[in-house]
Amino acid sequence: MWPTADPPTNMPAEIVDGNDVLAVHEATRRAVDHARGGKGPYMLECKTFRMTGHSAHDPRALRSERSLFDEWGKLDPIVRLEARMIKEGWSASEEIQQQHAIVRKGSR
């Protein structure tokens, strides 16, 4: 989290790692609490990288260098969350694999 303010409006703002599910959740909670508390708008910028094109007709090969895809691929939000869930004991690897199987089966 990098707290900041939008200079033209002096609106409270922060920049967050958009590939960190829990960081986005916490930042969103702060923004919502701010707005619901009657303190006005709150800017939230989630830094991330589009791994695919905007549509089937927008091949990613035309968008960025391959090294960027390799770098950002290591920051996959799902993989990062799964690793955190296992590390914290919130879930076992087997449970996560079962969920992957359910998703794959349902997406056919």
Side-chain angles (χ1 to χ4, degrees):
M1 172 185 74
W2 301 276
T4 185
D6 181 38
T9 64
N10 202 31
M11 179 190 317
E14 68 180 275
I15 300 169
V16 66
D17 178 353
N19 283 9
D20 182 335
V21 174
L22 299 176
V24 171
H25 179 266
E26 289 302 315
T28 301
R29 182 179 302 272
R30 286 189 292 276
V32 168
D33 289 347
H34 178 89
R36 287 184 179 159
K39 298 177 184 173
Y42 191 102
M43 183 186 307
L44 187 59
E45 180 179 357
C46 299
K47 296 284 191 174
T48 190
F49 181 79
R50 182 184 295 276
M51 296 296 288
T52 60
H54 292 277
S55 69
H57 305 290
D58 180 14
R60 72 176 187 189
L62 301 177
R63 297 186 57 250
S64 299
E65 294 181 26
R66 182 73 204 161
S67 62
L68 285 175
F69 288 97
D70 295 339
E71 179 182 338
W72 280 92
K74 295 174 188 171
L75 301 175
D76 183 297
I78 295 172
V79 173
R80 290 173 70 184
L81 180 59
E82 289 173 351
R84 176 82 185 272
M85 291 170 67
I86 292 167
K87 178 182 174 187
E88 298 290 340
W90 301 335
S91 185
S93 179
E94 297 78 22
E95 294 171 314
I96 292 171
Q97 293 310 313
Q98 288 172 353
Q99 293 302 312
H100 281 288
I102 291 168
V103 168
R104 281 192 296 273
K105 184 178 178 182
S107 65
R108 290 184 192 159

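For reference, positions follow the sequence shown, starting with 1.
Around CD1 of I78, the count of heavy atoms belonging to other residues, nucleotides or ligands within 6.0 Å does not exceed 12.
The two residues M11 and P41 make their nearest non-hydrogen contact at CG-O, 3.5 Å. Of all heavy-atom pairs spanning V24 and G18, the tightest one is CG2-CA, 3.8 Å. When all heavy atoms of E95 and S91 are compared, the closest pair comes out as OE1-OG, 3.1 Å. Smallest separation of non-hydrogen atoms from L75 and R80: O-CD, 3.3 Å.
Taking the side chain as every heavy atom from C-beta outward, E94 and Q97 never approach each other to under 4.5 Å. Using a 4.5 Å heavy-atom threshold, the side chains of R29 and H25 count as touching. Counting heavy atoms from C-beta on, the side chains of Q99 and E82 never come closer than 4.5 Å.
The CD1 atom of I86 sits 13.0 Å away from atom CZ of R84, with the distance rounded to the nearest 0.5 Å. The CG atom of L81 sits 8.5 Å away from atom CG of D20, with the distance rounded to the nearest 0.5 Å.
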From CA spacing to verdict: side chain to side chain contact (heavy atoms under 4.5 Å, CB included), L44, E14: CA-CA 5 Å; L44 187 59; E14 68 180 275; 3.5 Å; yes
